[in-house]
Structures are given as structure tokens and as C-alpha cells.
Amino acid sequence: MEDRYPFKDIESKWQERWAREGFYRVEPGGDRPKYYCLEMFPYPSGALHMGHMRNYAIGDVVARFKRMRGYNVLHPMGWDAFGLPAENAAIKHGIPPAKWTWSNIDRMRSQMKSLGLSYDWDREVASCHPDYYKWTQWLFLQLYKNGLAYKKKAAVNWCPSCATVLANEQVVDGACERCDTPVTKRDLEQWFFKITDYADRLLENLKKLTGWPDKVKIMQENWIGRSEGVEITFTVKETGDKLPVYTTRQDTIFGVTYMVLAPEHPVVEKVIAGSPREAEIRSFIEEVRRQSEIARTSTEAEKRGMFTGAHAINPMNGEEIPIWIANYVLMEYGTGAVMGVPAHDQRDFEFAKKYGLPIRVVIEPPGEHLDGASMESAYADPGVMVNSPGFDGLDSTVGRDRIASLMEERGIGRRKVNYRLRDWLISRQRYWGAPIPIIYCKKCGTVPVPEEDLPVLLPLDVEFEPTGQSPLTKSREFVETTCPVCGGPAERETETMDTFVCSSWYFLRYTCPRCTDAPFKRETVDYWMPVDQYIGGVEHAILHLMYARFFTMVLHDLGLVGVEEPFTNLLTQGMVLKEGAKMSKSKGNVVDPEYILDKYGADTARLFILFASPPERDLEWSDQGIEGSHRFLNRVWRLVRELSDSIRGLNGQALDKAALTKDEKALRRQAHATIKKVTDDIEGRFNFNTAISSIMELVNAMYQFKDRAADEPHGLAVMKEACEIMLLLLAPFAPHITEELWQLIGKTGSIHKEAWPEFDPEAVKVDEVTIVIQVNGKVRDRITVPSEMDDEELREVALKQDKARSFIGARGVREVFVVPRKLVNIVTN
RNA sequence: GCGAGAGUGGCGGAAUGGCAGACGCGCCAGACUUAGGAUCUGGUGGGUAACCCCCGUGAGGGUUCAAAUCCCUCCUCUCGCACCA
């Protein structure tokens, strides 16, 4: 215990000094190339957890490394500070959301500072600050003015127990996050952003994002869900109504045996009105609508339907088919109507089987015959078209195209691209968010708040018990206003914006965090953007990352920023686990960062987190593992302390490279090889774990050398060089202890302002190499040879070895493979 | 169901076609010591008396002089999407 290095003193000493000197402050410009290193800003939930700690430790190593490599590094931090937990906490504990949020921010900021993270704190932003949300509102207005923000009636998540609307992210497995009540749908007027206008570009640009993990790109691709098909117009026989359907399988048009509509489809109302089964059908529709989201959309849920009594006419062959309604058809996608082809679609197949609808085969696998009556599942693959007048015998993939063209010629259908992506619902009936800057005037209608009147301030003295309406409706002073156009009495929009709106542009605000006449300056934002490295959890793979891309594209199109894509490289870090499971209060397996910092200090905590696993993978927390990292830093501490006096005495003297002993050369070689290894590991692939392990190996070698050879004439000089290299390489990982020891060996400046070391190619050269000798692929011997020995000679030497010859025996050599400087494989007959 | 990723000692992990298990944890032994839960040194995949040798990277097959690594089939786990016509 008494031998532990005094991490508490050291860490607070340097943290204070860095803060006092504004050590990590940056400005745009200068000779050095810019580098923007960004970690996802946190929601101020109360205290940092291990996931945060991992995220920021990774980012800080990148930022510090790039700084030492000569970049002008922007490394900011802020707070995603609007959101529901603040309101929930307020309801529970009676603390106002603003107070709760700001005190959490204070606590988390101080935790970050005690981690030694190299942020430019002058650039801190908080999305709940009026100086920030003023510009969130301003950006809303820009979208509104360009037709990208609009209001429409939509079905939203509703919790019957809490009597409030829920955000999508508040619905967990179809139930309310807070009270576990199954969520239902309600129709309400809602604000949307028209992200669907950008669907194709969001999809196309993914190809350019070569610095993103494929996993994330695939998730976004699936989320956008582009499909190419045909919208075909059927006609309702009884009423003459047009009934368009969307399909990607127009090649199966002759296999349609029924039509299914979503229960909410407008045609349903017309065809059932006055029919004998009206009441029965209505009660079915009501039942489906009452169904919770989970029950409605689960794959396991049974497909249920009902015949409406009406019929549709297939425009391709004039055939009449029954129109059904069913719970498995979604009103929101395509046209809300689906043509039923049971032989070639599994869902239709199951539905047809259940309700005795005919199954007509129109595509067969090559060389096989299918019979609808005996099929056990739908045949959904391409094949040979049959029972399709004019197309029989044709390959169905060819038929798809021809039928689409024919339908267009005949005017019964048109090619169409559909997306699964929906417009982004941004309004929330909640208090703790940025107010939507809109005013409703009886005379002038919907009027945007004039830009010079921003921000629309969120009142701080409001009752926010959830009732289903925004709490802001209860604040007279907030609601009652005058119309900016006619000056008459008017009312403010009382809903607030989804917090994802706030987080869709914060990375731009960091470039000009205190700008008062614009969200950011074009020149400055263009200097820093794009973000060179973005680091965060994979849970944001779709929503945040898609919304941020959308915003950046819109702002690009409006001429506000130069870039179209905000994040060049993306690193998605894995989770922190304990006993194989995600840390959570309910499991009782939470490790508190504050406790770890107190017991071991920031350097140890950072080092362990980075050493235990590569960043993309999950990390298994180990109480013994962190002891090991702490032990390592103690080892470094003792080593450098012991040497520091003699090293200081050597300052100013050059190393005589020519006069070194074998041992001295070996340590020098290892030190320089470690530079190369650590540089490659950080630069190329973020493998911090192997970078750290090679520094550990260097320290081990230094200990060995110290006992053996530090007294030799040049031994100390070699040791001094190794020591400097080791500290420099360790500096991004363990910034405090390296700073302290750097000073201790007589350096006057900060280690964090030093240049990253370059390795000496002469030093890493080896005279001799160990060659593995294999016979028939099995290792049989090892020999040491001069490193410059050529292949032919190596082959000869290997063949002469007794060990090798004994394994070759009498069989004779058939072939010899030589891998230069590594291995010889002798293949026998 | 579809998509993605993973599976290597007692544990975290290393090796992306060329010596499997670097580094760390744990364990064992030795040194120092009044003491060691400090520190230093050495050992540590399995079989085996053995520094001979044999076996070994989820299972099985294949390609190759050579496979943890590439290909095929299967199993298990994790994550994402989940009736999108």
C-alpha cells in the first residue's frame, strides 16, 4: 500500500494546471492541419457510468495522439440536456427540471475533469440553454420556410395509464417505459420533418462513407428500405372506386386471388356502409385498432381478416376477386392495400390457407411442377412463368420488367420506388424541450415566429404533470401572444421538439459556440467540419446518426455549411459488461466510476478500460484486471523515479550510437520497435489494447536491462532514451503520471506539447533472425542466421540441419518453401 | 424469419495465410523479508517421467507446401430489424 504512487496529488495538480493555463483551448487556423475529434455528448442523467468513461477515454487518446502528431485538434464536450428523465425526476422528487438538469451537468462535468479529458471547455454547449435552443428554433424555421417542416394528423403512441403521448424511444417492447402499460395509437395533429425527401440521398451517400462500420451502414440501409415496384390500379366493382396497390412482384399479377386492405383504409368505409355485415365488420376494425402495437405487428401474431362483401377487378385480366380486410396490412406503407398472391408470398399463403381462398400457381421452379392444393409453403423465388397469358415460359425476372412496361403502356400501373423510412415526427406533448416557434392566429393561420423574436423562451414556472396535453398549455403568459403579421391576439404552439432535433446539429455549434448572430459562421464551420472521428455507442446507429446526416444535408442545401456528410470516420464502441451482462441497477452489477477513480485514479481507470478489449468489442469489467493496470503504472513510477537523478545528470549529452554493446543495442531496438508498433496500432486501427501491451513489454525489458547493464558506459544513455520514448508513448493513455515523470526527468515543458516520437530505422534493424524450420508443415527446429541471408542460402542451410535431416529420413526432398526472414518448409516425398 | 457479428488456455484477450496462446489477470515456485495480500525473478494449453513426441483455436468436411485465419455444411451465443407487400 505504501508503495503506491501518489495518484491523487498528481492528478489534481495537473488537472488544475491544465485548467488554469487553458491548456486544451483551440482556435481555427495556423499551419497545422485540423482534426475534429468528437464523442457523442451525454444526456445529463446524474453521474457518469462506465459506458461514458469508455467512450471518453477512447476519444481522449485519439485527441491527444493527434495533437502530438501535429494536428490542430478540436475536442469539445457538451450536454444533450433536454428530455423526459428530467420531467420524470421532477414529478418524483419535486425538483424543477432545469435545476435537476443543471446540477447533474455540474456533477458530470467535474467527473469528466477528474478523468483528465483534454476538452476545450470554453466550447461547452448545453442544448437546454436559451443561447443554444434559440438556434434550434431558428433551424426549425429554416426547415419550415423551405417546406421541410409541416403539420399533419398522425397516429402517435399513447399510454392510457399516464394519459400522455410517448416518444418512440419511450416505448419499450410495445409498452410504456414508465408504467409498463401496453401502448396504443391516437390520432393527433403533429409536426414532422420531411426526411423522406432525402431518402434517396441518405441511401446513396452511404456508399461514400468508407470510414463507417458496415454494420451501421447496413442498418441505415435497411431502415431506409428502398424498394422498386409498380403501383397497379384495381377498381372496386360495386362502387367504381380506384384501388391502387403497391407490389414488387408484378410478375405474379395473374396469381392474385384476393385483395386485402388495412382496416383504416378509406375505401373500407364506403364498401361496408349499409351492407348486411356492417356491424360485424366494424367491430372487427375496432378490435384491430384497439390492439396494442406489439400484438398488431408481431410476426407470431395470427393473421386475422374478414371479407368485406365487395370485389375488385384485376386490370390485367378483368378477373373479379374478393376484397378482405386484415390486421397484417399496414396503412402507413405503400397504398394500404395489398394484392393477395398466396402461391408466391408466405403471408398471403398463410392467410389463404386459413380462410380457404384459392391458391393459384403462376411461377414454377425450373424443371418442376407446383400444385396449389398440395403446397406447404409459398414459392417466393424467381422461376418460370405459367398460367400467365402472353408470358408463359418466360423467366419471371424478365417477366417482372415486361409486365411493368406493359402496365405503363396500358395506363393501369406505373413504376414506383417506395421507402420504409417515414417522415420524422418531431413534436412532443412535453415540457422539457425546445418550444416549436410557431404562432396560431385566427385571422392569419399558422405563422412562424419572426427570427428576431427568438428564442421563444421556455417558462420555468409551469406545472408539468402529464395529462396528454403539453404542460405549456397551462401557462397563460406563454400561450397568449400577438400575431406577428396582424398584431391581433394569437396563441403559441405549446408542443416542444424531440431532443433528437437538438442533437442533430450540436457538432456544428461547437465550431462557434458563442456566436450570437447565427448558429455558426460559415467560414469557421467549414474550417473544422467534417468531424474526422466520431465515437459513440452503436445504439445511435440509426436515429441520431441518420437525423444528423439529414440536418447536415439540409443545411448544406441551404448554403449554411460546405459539407454534405458530417462524420468522416465512425467508431462504435462496445458495451461494458460485468459477469457477462450489461451493467444495470436491477442486476446489481454496476461498477461506479467515482469509486474506481477514488481507489485507483484516472490514469489507471483509463488504462484498464483501453487495455481490456479493443474498442469495438464488448468489454468485460474485471476488478482484478484493474489491479493489474494499477500495478503497471506503479512499476513505471518506480522505474522512472529510480533512474530520474542519473537521467537528469545526462541531459544535453548525445547518444553515441556506434559504441553500443549488444544489450544496449537490443534495448534501443525494442524502444524504437515499440514506437512503430504503438503508432501503427493507434493510427491504423485503434487497437489500444495491443499498443498498451507493447509498452508493457518495453517496461519489462527496461527492468531487465536496469539490473544487468545500466552501469555500462552507454547503458544509462540508452536507458534515458528508452525512458523518454516510453513516457511519450504512454502519455495519451495515462496523461497525469507521464506529465509528472516527464518533469521529474528534468524536462521543462509539458509532455502533451511534445511531438510524437519517430522511430529510427537504423535502430530497429537486426543483425540476426530466428528461422523456423518445418518439415511437412510441422515445426522441427529453429536456427539463428544473419538477417541478410538470401533465400537460396537459407534453403541450403536449412537442409543441412541434423534435426531436419532426421525428419526427412530416406524419403527425399520434393520441394522447399522459403519465407524470407521467417521460415523454411521442407516437403518430402 | 431476415440481416450483421462472435466462438481461441482457468479468465480478458494476441496472432488476418507462415512458430497458436503476445500482454495482462489468476495460479505455482524461488528471492528479499520479522512478516507479505508489497516488490523482484522464473514457470504456467492438454497428454506424458520426459527439454523426445503426440494432440489442440465451437463441430464436420474442403482448398493449400502451410489454415484460428480462405471456402462449404452445421451448432451455439450476442446485437439489429421484424407482417414494409
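To find a chain, count down the sequence lines: A is the first, B the second, and so on, and within it residues start at 1. As the structure is a computational prediction, the values presented were derived from the model and not from experiment.
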Separation of [X] atom [atom1] from [N] atom [atom2], in whole Å?
X	N	atom1	atom2	answer
Ile325(A)	A85(B)	CD1	P	22 Å
Leu610(A)	G13(B)	CG	C1'	14 Å
Phe807(A)	C65(B)	CZ	C1'	17 Å

Identify which nucleotide among [options] has an atom closest to any side-chain atom of [X], counting heavy atoms from C-beta outward.
X	options	value
Leu823(A)	C65(B), C83(B), C19(B)	C19(B)
Asn687(A)	C19(B), C65(B), A15(B)	A15(B)
Ala612(A)	G12(B), G80(B), A82(B)	G12(B)
Gln774(A)	U39(B), G12(B), C19(B)	C19(B)
Tyr703(A)	G3(B), G12(B), C40(B)	C40(B)
Arg782(A)	A14(B), C19(B), C53(B)	C19(B)

Response to the item:
Output for pair (Ile692(A) CD1, Phe611(A) CZ), nearest 0.5 Å, gives 7.0 Å
Worksheet item: Can you tell me how far CZ of Phe688(A) sits from CD1 of Ile609(A), rounded to the nearest 0.5 angstrom?
Response: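 Ile609(A) CD1 to Phe688(A) CZ: 12.5 Å, rounded to 0.5 Å.
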Practice prompt. Kindly assign one of parallel, tilted or perpendicular to the pair Tyr600(A) and His630(A), based on the angle between their ring planes and the thresholds 30° and 60°.
Written response: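 Plane angle over 60°, so perpendicular.
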Discussion item. Which label fits Tyr355(A) and Phe351(A): parallel for a plane angle under 30°, tilted from 30 to 60°, or perpendicular past 60°?
Written reply: tilted
Fill in: Reference residue Lys677(A); test side-chain hydrogen bond (donor to acceptor under 3.5 Å, both in side chains); the match among Asp680(A), Thr674(A), Asp681(A)
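Testing each of Asp680(A), Thr674(A), Asp681(A) against Lys677(A), the sole residue satisfying side-chain hydrogen bond (donor to acceptor under 3.5 Å, both in side chains) is Asp681(A).
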Worksheet item: Is the shortest side-chain N to carboxylate O distance from Lys215(A) to Glu616(A) below 4.0 Å?
Response: no
Discussion item. Looking at Asp781(A) and Arg805(A), is any side-chain nitrogen of the basic one under 4.0 Å from a carboxylate oxygen of the acidic one?
Written reply: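 Salt bridge flag = no for Asp781(A) with Arg805(A).
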Fill in: For G36(B), glycosidic torsion class - syn if within 90° of 0, otherwise anti
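Base orientation: anti.
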Worksheet item: For every nucleotide of nucleotides 21-33 of chain B, 5' to 3': is a protein heavy atom under 4.0 Å from its base (B), only from its sugar-phosphate (S), or from neither (-)?
Response: -BBSSS-------
Worksheet item: Is the shortest side-chain N/O distance from Arg420(A) to OP1 or OP2 of C2(B) below 4.0 Å?
Response: no
Base, sugar-phosphate alone, or nothing: which one does [X] contact when heavy atoms must sit under 4.0 Å apart?
X	answer
Arg685(A)	sugar-phosphate
Arg226(A)	nothing
Val779(A)	sugar-phosphate
Asn776(A)	nothing
Phe351(A)	nothing
Arg814(A)	nothing

Discussion item. Say we look at A22(B) and A15(B): how far apart would their P atoms be, to the nearest angstrom?
Written reply: 12 Å
